[in-house]
Amino acid sequence: MKMKQSIEEIYRENRYWVYGSFFKKTGSAETAEDLSQTLWLHFFQNYENLNFVNEKVMRAYLRSMILHAVADYWRSIQKADDLMKELEFIFEESDTGQDAVHEEAFPEDEMDYIAKIYKELSEEERIMISLKYEGRYTSKDIGEIIGISPSLVRMRLSRINKKLRKQMNQSNK
């Protein structure tokens, strides 16, 4: 017998638990929020095909989704980290060690300032920025590399850009 609970009730009763589970496993509120959104999207899309006999079975299913999402997240971080190491190696092997376009666009003193702000970003934020602006990857490509949707990539890049603008505005005061 199928459980008689609406999808809205399931979401309302479990959203904080799902978010908390992601936060506990990643240590990042922003990542927990992003993973939660993705999990609920998949859950809503597949809800009609699911057959939960009780709350315990439904919770076990959500727990399984959380564990898989976290594992995928950490794998994507590792892939991106490996890619960053490869990119760093490539830049070290070049004649100048820097991209000539970036040298012309930013004078030396501004590059130091940008490097300082860049170091204040989280590892995941640095990876995404590097892929987008140094690697010139599209949102679709970045999403494939780190295992998220292109729309989620665009949302995260937008948040990162806002964060950078805020830091730059605070430093200019």
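If you're wondering where the values come from, they're calculated on a predicted model, not measured in any experiment.
Across all their heavy atoms, M155 and L152 have their closest contact at CE-CD1, 3.1 Å. Residue A32 comes nearest to T26 through the heavy atom pair N-OG1, 4.2 Å, listed as atom of the first residue, atom of the second, then distance. The shortest non-hydrogen separation linking P150 to K140 is CG-CA, 3.8 Å. Of all non-hydrogen atoms in Y47 and I10, the two that sit nearest each other are CE1-CD1, 3.5 Å. Across every non-hydrogen atom of S36 and V18, the tightest pair is OG-CG1, 3.9 Å.
Distance check: R63 CZ to H68 NE2 gives 12.5 Å after rounding to the nearest 0.5 Å. Interatomic distance, I146 CD1 to L131 CG, rounded to the nearest 0.5 Å: 7.5 Å. Here the CD1 atom belonging to I160 is positioned 5.0 Å from the CE atom belonging to M128, to the nearest 0.5 angstrom. Note that CG of L121 is 5.5 Å distant from NZ of K163, once rounded to the nearest 0.5 Å.
The salt bridge (Lys or Arg N to Asp or Glu O under 4.0 Å) analysis of residues 65-75, with sequence neighbours excluded, yields the pairs D72-R75.
Side chains of K25 and L67 form a contact here, defined as non-hydrogen atoms less than 4.5 Å apart. Using a 4.5 Å heavy-atom cutoff, the side chains of F44 and I7 are in contact. Here the side chains of F22 and Y73 are not in contact, with every heavy-atom distance at 4.5 Å or above.
Not a single side chain to side chain donor-acceptor pair (under 3.5 Å) links Q45 to another residue, sequence neighbours left out. With sequence neighbours excluded, the residues forming a side chain to side chain donor-acceptor pair (under 3.5 Å) with S151 are S149, listed by chain and number. Not a single side chain to side chain donor-acceptor pair (under 3.5 Å) links N46 to another residue, sequence neighbours left out. Among residues two or more places apart in sequence or in another chain, the side chain to side chain donor-acceptor pair (under 3.5 Å) test is passed with R159 by E33, D34.
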Point to revise | Pair R156-E30, salt bridge (charged side-chain N to carboxylate O under 4.0 Å, His left out): steps then yes or no | key: CA-CA 9 Å; R156 286 184 184 177; E30 195 171 305; 5.8 Å; no
Point to revise | Steps toward side-chain contact (heavy atoms from CB on, under 4.5 Å) verdict (N14, M58) | key: CA-CA 10 Å; N14 293 284; M58 187 266 308; 3.5 Å; yes
Practice item. Assess whether side-chain contact (heavy atoms from CB on, under 4.5 Å) is satisfied between W17 and L62, documenting all intermediate values. Key: CA-CA 10 Å; W17 171 74; L62 286 173; 3.7 Å; yes
**Study point:** Test log, rule side-chain contact (heavy atoms from CB on, under 4.5 Å), inputs I129 and N161
**Key:** CA-CA 9 Å; I129 289 290; N161 285 327; 4.1 Å; yes
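The hydrophobic cluster containing L41 does not contain M65, counting ILVMFWY residues as joined when their side-chain heavy atoms lie under 4.5 angstrom apart, directly or transitively.
Note: W40 and Y11 have perpendicular aromatic rings, judged against thresholds of 30 and 60 degrees for the angle between ring planes.
Alongside F23, the hydrophobic cluster contains Y19 (criterion: ILVMFWY side chains under 4.5 Å).
Not a single donor-acceptor pair under 3.5 Å links the side chain of S158 to the backbone N or O of R154.
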